[in-house]
Amino acid sequence: MSAHASILKAGPAPVQALGQPGSTTHAPSYYAASGLPQPERPPLQGRVEADVCIIGAGYTGLSSALHLAEAGFKVVVLEAARVGWGASGRNGGQLVHSYSRDMDVIEARHGQDAARALGRMAFEGAEIIKARIARYGIDCHFRPGGVFAAITDKQVHQLEHHKALWERYGHTQLELRDGRQSEAAIGSRRYRATLLDHSTGHVHPLRLAQGEAAAFEALGGVIHELSAVTRIERGEPAVVHAGRGQVKARFVIVACNAYIGDLEPQLAARSMPCGTQVIATEPLGERFPEILPTEQCVEDCNFLLDYFRLSADRRLVYGGGVIYGARDPAHIESIIRPKMLKTFPQLKDVRIDYAWTGNFLLTLTRLPEVGRLASNIYYSQGCSGHGVTFTHLIGRVLAEVIQGQSERFDAFASLPHYPFPGGRLLRVPFTALGAAYYDLRDKLGL
Ligand SMILES: Cc1cc2nc3c(=O)[nH]c(=O)nc-3n(C[C@H](O)[C@H](O)[C@H](O)COP(=O)(O)OP(=O)(O)OC[C@H]3O[C@@H](n4cnc5c(N)ncnc54)[C@H](O)[C@@H]3O)c2cc1C
C-alpha cells in the first residue's frame, strides 16, 4: 500500500487534502519524508520594511532572494505554506538545460536576436545550482548526468538534432549512445538511443529549496511561512498585505507560479495550471543492479513524457502524465505504476511507498512569462514543466533588473504571450485534445 493511501486512510478526511491549494502541509511525498530539519518561521505580524518583498518560497522566490541577499539587499520572503511547498519541493529533481521550447523553435518564432539572447543564458541555471550546492554545502544528494531517451526512430533523429542544436549554442558535454549502450546505462530495453548530458544531473528537490532558504537566512534574509499574501498595494514603496502584517518594500517579486490563485488575476489569464504525478518505490537495495547503475536521471522524448531517477536510498522515483487544469487525481499509483512497468517490467512486485501530485504552470507558447505589474513589481512564472534550472537563472536576472541592469530581463519580458484558445472555460478540453493528438503520434511512432 502506498504511503499516500495509508495517510488518507489514517483518520477523518482533512478539509484540504495534503499538499493541495489551501493546505499548508507538504504533499505526502518521499521528499517531505526525507527533507532537511527546518527552523520555525513564524507568520508575518505587524509592519515591516524591506528593500525587496518576495511572494512565494519556491525556487523562483528563493533564487531571487539569495541573489539579492548576496548583493546586500534587505529581503523579506512571504510564503503561504512552507518553504518548497509548491512544485519546487515535489518535482522530478532533474536539472534540464534550456527552455520548454528549445532554441530552434525560438529562432523560428521569435527571430535570431531573441534566440541569441536566450541562447546565451540557456545553460546558466544548472551552473547556478551546482555553484550554490558547493558554496553553501547544500546536502541535496546531487548526482551528475542527465539522459534524454528515444523510444522511436523519429526520436533518435530528434536527439541528433538536439545535440547539434545545443552544440551550436556552445554546449560541449553531450554524448549520444546507441540502444545497447542505453540499455546498459538504464536497465530497460525500451530505448533505441539516448543523449547523455554530462553537465547536468539531479537533486532531492525539497532539500535544494530548504538549503537555499538556509543560505538566504544565514545572510540575514527573513522568511515568514504561513503568510499568504492577499493584496499588493501599488505605490513606491509598495505595500504587501498578508494575514496580520504588511511589508513596505521598494520592490516586489511575485513568484507564486501555478499556486497563485486569485492574487493577481492578470497573471492567471495567459497560463494554465497543470498537474503531474510522481511515485517512489520502496528502496530497491541490491535486488536490481541493472537499473540506473550510473545513477543518471532520465526523461524520455514523448510529448507527454516519463521522467525517473534513483534517490539517494535507491528508490526509483518515477513521474509522468499531465492533468490539464490540475485536478487532483484519485489514484496516482494506478496512473504512474503502469508507465513504470512499461519501462521496468522487472519491478512488477515492488511496493510503492509514496505517491503525490504537484502543479506546474503552462503557457501557450511554452516559454516562461516574465515581466512587470508596475514599475517596481516584477514577476516570473510559467516555465511549463521545465523549471528547475530556469527558475534559478531568472532569480539572478530579477536581481539584476532590481540593481538597474535590465538587458537580460528585457530579453524574456519582450517575448509575446497569448491566452489559451477557449478562454478559462474551454482551455482545458482544447489543450487536452491537442495533447492527445501528439500523444497518439508518439504511440504510433509518427
Ligand atoms: C511533479 C512535478 C515534477 C516536475 N519535474 C521537473 C523536473 O524534473 N525538472 C524540471 O526542470 N522541472 C520540473 N517541474 C517543474 C518545476 O518544478 C517548476 O517549474 C518550478 O519548481 C517552479 O518553481 P516556482 O518557484 O516558480 O513555483 P513553486 O515551487 O510552485 O512555488 C510557488 C510558491 O508560491 C507560494 N504562493 C502562492 N501563492 C501565494 C501567496 N498568495 N502568498 C504567499 N505565497 C504564495 C506557494 O505556496 C508556493 O510555495 C516539475 C513540476 C512538478 C509539479
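As the structure lists them, so they are numbered: ligands from 1, and atoms in each ligand from 1. In this text, all values refer to a predicted model and were calculated from it rather than measured experimentally.
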- Flag yes if more than 12 heavy atoms outside K130 fall under 6.0 Å of its NZ atom; otherwise flag no. yes
- Item | Taking atom 19 (O) of ligand 1 as the reference point, the nearest protein heavy atom with its distance | G387 CA, 3.3 Å
- For the pair H97 and W166, name the ring-plane relationship: parallel under 30°, tilted 30 to 60°, perpendicular over 60°. perpendicular
- Note on the structure: For V388, the atoms of ligand 1 under 4.0 Å from one of its heavy atoms are 9 (N), 10 (C), 11 (O), 12 (N)
- Item | N/O separation below 3.5 Å, T60 to ligand 1 | yes
- Message: Using a 3.5 Å cut-off on N or O atoms only, is A57 in polar contact with ligand 1?
- Response: no
- Any non-hydrogen atom of A255 lying under 4.0 Å from ligand 1? yes
- ligand 1 atoms nearer than 4.0 angstrom to some heavy atom of G56 are 33 (C), 34 (O), 35 (C), 44 (N)
- Message: Quick check on contacts: which atoms of ligand 1 are under 4.0 angstrom from a heavy atom of G58?
- Response: 25 (O), 29 (O), 31 (O)
- Between Q296, E175, Q173, H171, which is the residue that forms a side chain to side chain donor-acceptor pair (under 3.5 Å) with H198? E175
- Query: So is I55 in contact with ligand 1, going by heavy-atom distances below 4.0 Å?
  - Reply: yes
- In the protein, which heavy atom is nearest to atom 13 (C) of ligand 1, and how far is it? G385 O, 3.6 Å
- Message: Return the CD to NE2 distance between E369 and H417, rounded to the nearest 0.5 Å.
- Response: 5.0 Å
- With only distance considered, is R90 within less than 3.5 Å of ligand 1 through an N or O on each side? no
- Message: Please evaluate residues R177 and T194 with respect to the criterion side-chain hydrogen bond (donor to acceptor under 3.5 Å, both in side chains), reporting the C-alpha separation (whole Å), side-chain torsions for both, the decisive distance (0.1 Å), and the verdict.
- Response: CA-CA 5 Å; R177 301 184 296 196; T194 48; 3.3 Å; yes
- Relative to the heavy atoms of G86, which atoms of ligand 1 are at a distance of less than 4.0 Å? 29 (O), 30 (O), 49 (O)
- Note on the structure: One finds that the ligand 1 atoms under 4.0 Å from a non-hydrogen atom of L78 are 43 (C), 44 (N)
- Query: Counting heavy atoms only, which part of W356 comes closer than 4.0 Å to ligand 1: side chain, backbone, both or neither?
  - Reply: neither
- Do the rings of F251 and Y378 sit parallel, tilted or perpendicular, given the 30° and 60° boundaries? tilted
- Under 4.0 Å from any heavy atom of G92, which atoms of ligand 1 are there? 3 (C), 4 (C), 5 (N), 6 (C), 7 (C), 8 (O)
- Task: For the pair D51 and R250, evaluate salt bridge (Lys or Arg N to Asp or Glu O under 4.0 Å) and give the outcome as yes or no after the intermediate values.
- Result: CA-CA 5 Å; D51 296 321; R250 282 162 53 216; 3.2 Å; yes
- Message: My understanding is that only one of V401, V397, I394, D410 makes a side-chain contact (heavy atoms from CB on, under 4.5 Å) with V370; could you say which?
- Response: I394
- Query: Purely on distance, is any nitrogen or oxygen of F360 under 3.5 Å from one on ligand 1?
  - Reply: no
- Counting from 1 in the order shown, the ligand 1 atoms closer than 4.0 Å to a non-hydrogen atom of W85 are 47 (O)
- Note on the structure: Of all protein heavy atoms, the one nearest atom 40 (C) of ligand 1 is V229 N, 3.6 Å
- Item | For ligand 1, the portion of T357 having any non-hydrogen atom under 4.0 Å away | neither
- Message: Can you report which non-hydrogen protein atom sits closest to atom 44 (N) of ligand 1, along with the distance?
- Response: A80 N, 3.0 Å
- Message: Return the closest protein heavy atom for atom 1 (C) of ligand 1 as residue, atom name and distance.
- Response: T276 CG2, 3.4 Å
- Note the single closest protein heavy atom to atom 22 (C) of ligand 1, along with its residue, its atom name and the distance in Å. N257 ND2, 3.7 Å
- Proximity winner for atom 8 (O) of ligand 1, if only heavy atoms of Q94, E79, R231 are counted: Q94
- Task: Write out the residue and atom name of the closest protein heavy atom to atom 50 (C) of ligand 1, then the distance separating them to 0.1 Å.
- Result: N91 CB, 3.3 Å
- Task: Report yes or no: does G319 have a heavy atom closer than 4.0 Å to ligand 1?
- Result: no
- Taking the side chain from R315 and the backbone from T281, do they hold a donor-acceptor pair closer than 3.5 Å? yes
- Query: Do T343 and R190 pass the side-chain hydrogen bond (donor to acceptor under 3.5 Å, both in side chains) test, and can you show the C-alpha distance, the side-chain angles, and the key distance before you say yes or no?
  - Reply: CA-CA 6 Å; T343 308; R190 214 175 161 198; 2.9 Å; yes
- Which class fits the ring pair F308 and Y318: parallel under 30°, tilted 30 to 60°, perpendicular over 60°? parallel
- Message: Could you identify the single nearest non-hydrogen protein atom to atom 38 (N) of ligand 1 and state the distance to 0.1 Å?
- Response: Y259 O, 3.3 Å
- Decide salt bridge (Lys or Arg N to Asp or Glu O under 4.0 Å) for R41 and E79; before the verdict, give the C-alpha distance in whole Å, the side-chain angles of both, and the deciding distance to 0.1 Å. CA-CA 10 Å; R41 296 188 176 106; E79 164 56 49; over 6 Å; no
- Under 4.0 Å to a heavy atom of G358 - the qualifying atoms of ligand 1, by number: 53 (C)
- Query: So between S384, S23, S88, S380, whose heavy atom ends up nearest atom 21 (O) of ligand 1?
  - Reply: S88
- Item | Heavy-atom gap S227 to ligand 1 smaller than 4.0 Å | yes
